[in-house]
Amino acid sequence: LSNFLVANSEISLKDYIQKEDIEKDSTQIYLLSRCSALYTYASAATLKTDAVSSKNFIETANNLLFKSVELRVIDYKEKLETAQKKASEERKQLFETYILEGKRNWKLNKSYFKGSYIAEDLSICTKLVEDK
């Protein structure tokens with residue numbers, strides 16, 4: 001799954017969803033991991049300017065991470081500790097990708113979100129969170 005993460009972390013979630021089977025366990029775990037990383041990124045980006053939103057973002061990120069761990073344990077029969085470690089490592093990788101994209105986007109238009117696939121991903125992740 002790790003190589004898969006790197007290859008897909010630089011495309012928008014919209015593009016990813018269009019070419020993947022949303023019913024597959026691996027796709028669902030990836031979406032949960034990616035959205036967890038995005039909400040972690042949003043928490044970090046808003047920490048200094050809006051502490052309440054930052055706290056809400058990190059709570060959502062952790063709930064999504066927990067759900068991805070749960071799916072790993074149920075669907076892949078992974079031990080809880082193994083699933084937690086893998087999920088945390090994947091979120092960290094994806095988070096770092098969002099940081100790089102956010103910095104690049106900041107240089108272009110002084111926004112960490114707008115004008116990049118991050119804003120589009122956030123709308124998809126918001127829909128995912130609302131549907132859960």
Side-chain angles (χ1 to χ4, degrees):
L1 193 60
S2 188
N3 290 337
F4 179 73
L5 284 173
V6 174
N8 286 299
S9 64
E10 298 191 15
I11 65 167
S12 72
L13 278 176
K14 180 182 175 186
D15 292 342
Y16 173 80
I17 289 170
Q18 289 176 346
K19 64 181 191 172
E20 296 295 329
D21 179 2
I22 197 77
E23 298 299 320
K24 284 177 48 181
D25 296 336
S26 61
T27 303
Q28 291 176 14
I29 289 169
Y30 177 78
L31 286 173
L32 290 165
S33 296
R34 177 112 173 226
C35 289
S36 178
L38 178 57
Y39 277 100
T40 301
Y41 172 74
S43 175
T46 60
L47 183 60
K48 291 182 181 177
T49 58
D50 188 349
V52 173
S53 290
S54 178
K55 181 179 181 283
N56 291 337
F57 284 136
I58 201 65
E59 286 176 2
T60 300
N62 289 336
N63 288 337
L64 291 166
L65 186 68
F66 175 78
K67 187 67 177 168
S68 84
V69 168
E70 186 178 57
L71 282 178
R72 289 170 183 279
V73 169
I74 293 168
D75 295 340
Y76 293 132
K77 310 294 187 230
E78 290 181 3
K79 290 183 179 179
L80 179 61
E81 299 79 20
T82 302
Q84 288 172 326
K85 183 177 180 186
K86 284 181 181 178
S88 291
E89 288 171 359
E90 288 168 4
R91 176 168 76 171
K92 183 179 181 220
Q93 263 186 308
L94 292 163
F95 173 71
E96 289 171 0
T97 300
Y98 279 118
I99 288 173
L100 293 174
E101 177 63 18
K103 285 179 180 178
R104 186 192 67 74
N105 202 57
W106 182 263
K107 287 179 183 177
L108 291 174
N109 65 15
K110 301 294 185 229
S111 173
Y112 292 114
F113 299 91
K114 294 177 185 167
S116 78
Y117 69 82
I118 296 174
E120 190 176 82
D121 286 3
L122 191 56
S123 68
I124 291 169
C125 290
T126 299
K127 179 81 171 116
L128 177 74
V129 169
E130 289 171 353
D131 288 349
K132 291 283 175 194

### Task
Using the side chain to side chain contact (heavy atoms under 4.5 Å, CB included) rule, take Y16 and L31 through it: C-alpha gap first, then chi angles, then the decisive distance, then the call.
CA-CA 9 Å; Y16 173 80; L31 286 173; 4.1 Å; yes

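- Counting only residues at least two apart or on different chains, the salt bridge (Lys or Arg N to Asp or Glu O under 4.0 Å) pairs with a member in residues 110-121 are R34-D121.
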Check residues 78-87 and write down every donor-acceptor pair under 3.5 Å in which the side-chain atom is one partner and the other belongs to a residue at least two apart or another chain.
residue, atom, partner, partner atom, Å
E78, OE2, K86, NZ, 3.2

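- The list of salt bridge (Lys or Arg N to Asp or Glu O under 4.0 Å) pairs with a residue in residues 21-30, not counting sequence neighbours, is empty.
- Although no hydrogens or angles enter the test, the distance criterion places no donor-acceptor pair under 3.5 Å between the side chain of S36 and the main chain of L32.
- Residues V69 and L64 do not share a hydrophobic cluster, clusters being chains of Ile/Leu/Val/Met/Phe/Trp/Tyr side chains in contact below 4.5 Å.
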### Message
Quick one, I124 with L128, criterion side chain to side chain contact (heavy atoms under 4.5 Å, CB included). Give me CA distance, side-chain angles, the key distance, then yes/no.
### Response
CA-CA 6 Å; I124 291 169; L128 177 74; 5.7 Å; no

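- Here the CG atom belonging to N109 is positioned 9.0 Å from the CZ atom belonging to R104, to the nearest 0.5 angstrom.
- Legend: residues meeting side-chain contact (heavy atoms from CB on, under 4.5 Å) with N63, ordered by chain and number and at least two apart, are absent.
- One hydrophobic cluster, built from ILVMFWY side chains closer than 4.5 Å, holds both F95 and V129.
- Qualifying side-chain hydrogen bond (donor to acceptor under 3.5 Å, both in side chains) partners for D75, counting only residues two or more places apart in sequence or in other chains: none.
- Separating the NZ atom in K55 from the OG1 atom in T60 is a distance of 10.0 Å, to the nearest 0.5 Å.
- Between Y30 atom OH and L13 atom CG the span is 6.0 Å, to the nearest 0.5 Å.
- Residues satisfying the side-chain hydrogen bond (donor to acceptor under 3.5 Å, both in side chains) test with S116, not counting sequence neighbours, are none.
- A donor-acceptor contact shorter than 3.5 Å is absent between the side chain of Y112 and the backbone of A42.
- Listed by first then second residue, pairs satisfying ring pair (Phe, Tyr, Trp, His ring centres under 6.0 Å) with a partner in residues 36-55 read Y39-F57, Y41-F113, not counting sequence neighbours.
- Smallest separation of non-hydrogen atoms from S26 and Y76: N-OH, 3.3 Å.
- Listed by first and then second residue, the disulfide (SG to SG under 2.5 Å) pairs that reach into residues 21-77 are C35-C125, sequence neighbours excluded.
- Hydrophobic clustering of Ile, Leu, Val, Met, Phe, Trp and Tyr side chains at less than 4.5 Å, counting indirect connections, keeps W106 apart from L47.
- From L122, atom CG reaches atom CD1 of I118 across 9.5 Å, with rounding to the nearest 0.5 Å.
- Contacts classified as disulfide (SG to SG under 2.5 Å) and involving residues 53-89 (residues at least two apart or in different chains) are not found.
- Here the closest heavy-atom approach between residue I58 and residue S43 is recorded as CB-OG, 3.6 Å.
- Residues Q18 and K14 meet the side-chain proximity criterion, which asks for heavy atoms closer than 4.5 Å.
- In terms of the side-chain hydrogen bond (donor to acceptor under 3.5 Å, both in side chains) criterion, T46 has no residue partners (sequence neighbours excluded).
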### Full working for side chain to side chain contact (heavy atoms under 4.5 Å, CB included) between Y98 and L38
CA-CA 7 Å; Y98 279 118; L38 178 57; 3.8 Å; yes

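- Legend: residues meeting side-chain hydrogen bond (donor to acceptor under 3.5 Å, both in side chains) with S88, ordered by chain and number and at least two apart, are absent.
- Across R91 and N62, no two heavy atoms sit closer than the pair NH1-OD1, 3.2 Å.
- Under the rule for a salt bridge (charged side-chain N to carboxylate O under 4.0 Å, His left out), the partners of K92 that lie at least two apart in sequence or sit in another chain are E96.
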